[in-house]
Amino acid sequence: MSKKITQTELNSAFYMKPTEIVEFFQSKGLKTSFDWHEVYEDAHAKAFTVAKMTEIELLSDTKKLLEKALDEGKSYSSFKKEASALFEKKGWVGFKEVKDPKTGEIRKVELGTPRRIKTIYDCNMRSSYAVGRYKEQLEEIDVAPIWQYKSLMDGHERPEHRAMHNKAFMADDPFWSAFYPPNGWGCRCYVVNLTKHEAKKEGIKIEKSEGKIKAETVIAGNEEKQTQSFNFNHDGRKIKLTPDAGWGTNLGIKAWGIDVQAWNKVENMPDSIKYQFISKMAENPHNKAVFENMIEKLVANGFKAQKIEKTLCWITPELFKKLDEVKIKNPIVVFQEQKAGHIIGERQKLSKDELKGIYEILNKPDGIYYDYTSGNETNLAFTKDIPKSDECIKVCVKLTKKSKISGDTVNYVTTAGKVKKTEMNDKRHFKKIE
């Protein structure tokens with residue numbers, strides 16, 4: 001793992017068929033946009049977009065071409081040929097004067113030119129590959145907990161990316177939350193993971209990012225956007241690593257960031273709009289498929305330690321209204337992968353299928369309770385009766401908890417297991433909501 005990766009090896013790995021890469025790309029939704037910065041940073045974890053591509057049918061066809069390229073390991077030249085034919089057929093070619101749907105301004109824009117096709121291919125391939133590598137490295141974190149930043153060092157990299165070459169941090173250092181590459185348009189940086197023995201043998205210094213990450217404002221289009229910069233010294237000079245606008249995130253760990261952003265947009269809207277939006281998000285079947293697939297993979301790999309969090313569901317608008325008295329911050333319920341091993345293990349005794357059924361329990365429970373078993377904290381308990389049994393499956397959700405990974409506040413599934421139905425009648429610990 002510590003050997004220098006050659007360009008040939010990197011190219012070979014880039015065109016592999018890691019299941020994670022394909023699954024990540026396929027899991028994205030579609031979002032039409034006029035400007036690339038309309039889908040900013042974390043939103044790219046769940047929405048596939050191509051700037052100036054405002055027709056959903058064309059966007060869908062382009063996404064399918066990229067999925068095919070990922071799945072079959074197709075080269076750029078092969079993708080370019082297919083994409084050029086598609087764009088020619090749809091009339092999405094060359095330079096055209098179009099109307100900005102936001103401002104009404106007539107602008108000359110670049111559509112499906114060879115340069116744009118290359119950008120579409122490179123950006124989506126590298127981002128998807130980075131997510132796959134990130135997840136693979138998480139699975140090896142118990143063996144190789146030290147991650148090292150690498151630049152290709154071929155003379156074509158940015159000066160600040162070159163200065164980052166060989167810097168190493170522990171895998172759980174906050175640095176990787178914002179600066180896991182790629183860190184900009186055309187960025188070819190990557191990460192290798194090392195064992196403690198390898199790092200010591202090579203004399204690698206393990207750094208800490210504490211106090212070196214600063215808030216930063218960048219311009220995206222004509223708008224100010226918030227991102228972060230990493231400030232460090234290199235060869236006696238002060239260097240600032242600031243990702244290009246729209247790239248300051250780690251797509252691998254922030255796969256639910258779009259949910260928080262979406263909620264922030266509607267939180268203060270009229271109730272008729274807000275609760276209709278919550279209802280649609282609560283019914284999203286995509287979350288069920290993603291959760292069930294995640295459980296299958298976790299069982300298959302032996303529940304190795306993970307740092308991934310995914311949106312499990314949204315609390316229904318009816319329940320959200322009732323929870324106003326406990327000042328719940330938002331209706332988003334998140335599942336941490338490392339919880340699965342505890343839930344399915346000896347203590348809780350849930351089967352794989354029962355664990356996968358948590359989604360249905362949260363969406364269609366037989367009972368919902370305030371849960372006071374954690375002292376002064378007010379949490380929720382969702383229950384589903386087990387047929388022909390005196391037991392039920394109880395899913396516990398901690399309300400309004402701040403993520404250690406992203407800093408956003410959501411609601412977390414803490415545990416799930418089988419309990420006697422009569423246990424839920426204990427009014428000291430549970431109060432039925434519905």
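Here the structure is a predicted model, which is why all the values come from computation and not from measurement. Sequential numbering from 1 along the given sequence is applied to the chain's residues.
Residues meeting the side chain to side chain donor-acceptor pair (under 3.5 Å) test with S78, sequence neighbours left out: none. Looking at residues two or more places apart in sequence or on another chain, you find a side chain to side chain contact (heavy atoms under 4.5 Å, CB included) between S77 and S75. Every residue meeting the side chain to side chain contact (heavy atoms under 4.5 Å, CB included) condition with K329, not counting sequence neighbours, appears here in chain and number order: T400, T409. Legend: residues meeting side chain to side chain contact (heavy atoms under 4.5 Å, CB included) with T414, ordered by chain and number and at least two apart, are C396, K398. For F320, the ring pair (Phe, Tyr, Trp, His ring centres under 6.0 Å) partners two or more places apart in sequence, or in a different chain, are W263. Every residue two or more places apart in sequence or in another chain that forms a ring pair (Phe, Tyr, Trp, His ring centres under 6.0 Å) with F230 is listed here: F169, F175, F232. Here E354 pairs with K418 under the salt bridge (charged side-chain N to carboxylate O under 4.0 Å, His left out) rule; sequence neighbours left out. Applying the salt bridge (charged side-chain N to carboxylate O under 4.0 Å, His left out) criterion to E292, with sequence neighbours excluded, gives no partner residue. Listed by chain and number, the residues in a side chain to side chain donor-acceptor pair (under 3.5 Å) with T316 amount to none (sequence neighbours excluded). E296 is linked by a side chain to side chain donor-acceptor pair (under 3.5 Å) to K352, K356, counting only residues two or more places apart in sequence or in another chain. Listed by chain and residue number, K288, K364 satisfy the side chain to side chain contact (heavy atoms under 4.5 Å, CB included) test with E360 (two or more places apart in sequence, or in another chain). F382 is linked by a ring pair (Phe, Tyr, Trp, His ring centres under 6.0 Å) to nothing, counting only residues two or more places apart in sequence or in another chain.
If you take CD1 on I343 and CD1 on I393, they are separated by 11.0 Å, rounding to the nearest 0.5 Å. L399 contributes atom CG, which lies 6.5 Å from atom CD1 of I315 (distance to the nearest 0.5 angstrom). Rounding to the nearest 0.5 angstrom, the gap separating the CG atom in L350 from the CG atom in L355 is 6.5 Å. K394 contributes atom NZ, which lies 12.0 Å from atom CD1 of I361 (distance to the nearest 0.5 angstrom). If you take CG on L312 and CG on L362, they are separated by 5.5 Å, rounding to the nearest 0.5 Å.
Shown here for P243 and L241, the closest heavy-atom pair between the two residues is CD-O, 3.9 Å. When all heavy atoms are compared, the tightest approach of S229 to T242 is CB-OG1, 3.3 Å. Here the shortest heavy-atom pairing between V143 and T195 reads O-CG2, 3.4 Å. A168 and I146 get closest at one heavy-atom pair: CB-CG2, 4.1 Å. Summarising the geometry of C189 relative to H161, their closest heavy-atom pair is SG-ND1, 3.5 Å, with the distance given to 0.1 Å. Heavy atoms only, all atoms of each residue included: I358 and A416 are closest at CD1-CB, 3.8 Å.
Taking the six-membered ring for Trp and thresholds of 30 and 60 degrees, W176 and Y149 have nearly parallel ring planes, at less than 30 degrees apart.
Between the E202 side chain and the K200 main chain, no donor and acceptor come within less than 3.5 Å of each other. Side-chain atoms of N231 come within 3.5 Å of backbone N or O of K212 as a donor-acceptor pair.
Using a 4.5 Å cut-off on side-chain heavy atoms (C-beta onward), Q148 and I204 make contact. The closest side-chain heavy-atom distance from Y190 to L152 is below 4.5 Å. Taking 4.5 Å as the limit, some side-chain heavy atom of L323 sits within range of a side-chain heavy atom of L380. Contact annotation: the side chain of I213 approaches that of F179 to within less than 4.5 Å [non-hydrogen atoms, C-beta and beyond]. V397 is not listed as a side-chain neighbour of N379, based on a closest heavy-atom distance of 4.5 Å or more. Side-chain contact check for P145 versus K196: some heavy-atom pair is nearer than 4.5 Å.
A side-chain N or O of K150 and one of N166 form a donor-acceptor pair less than 3.5 Å apart. S351 and D353 share no side-chain donor-acceptor pair at under 3.5 Å.
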Between N330 and W314, is a side-chain contact (heavy atoms from CB on, under 4.5 Å) present by the stated rule, with each step listed?
CA-CA 9 Å; N330 61 51; W314 282 46; over 6 Å; no
side-chain contact (heavy atoms from CB on, under 4.5 Å) between R188 and H156, worked out
CA-CA 10 Å; R188 299 164 299 150; H156 297 290; 3.4 Å; yes
May I have the step-by-step check of side-chain contact (heavy atoms from CB on, under 4.5 Å) for N233 and K238, ending in yes or no?
CA-CA 5 Å; N233 294 317; K238 291 184 177 180; 3.4 Å; yes
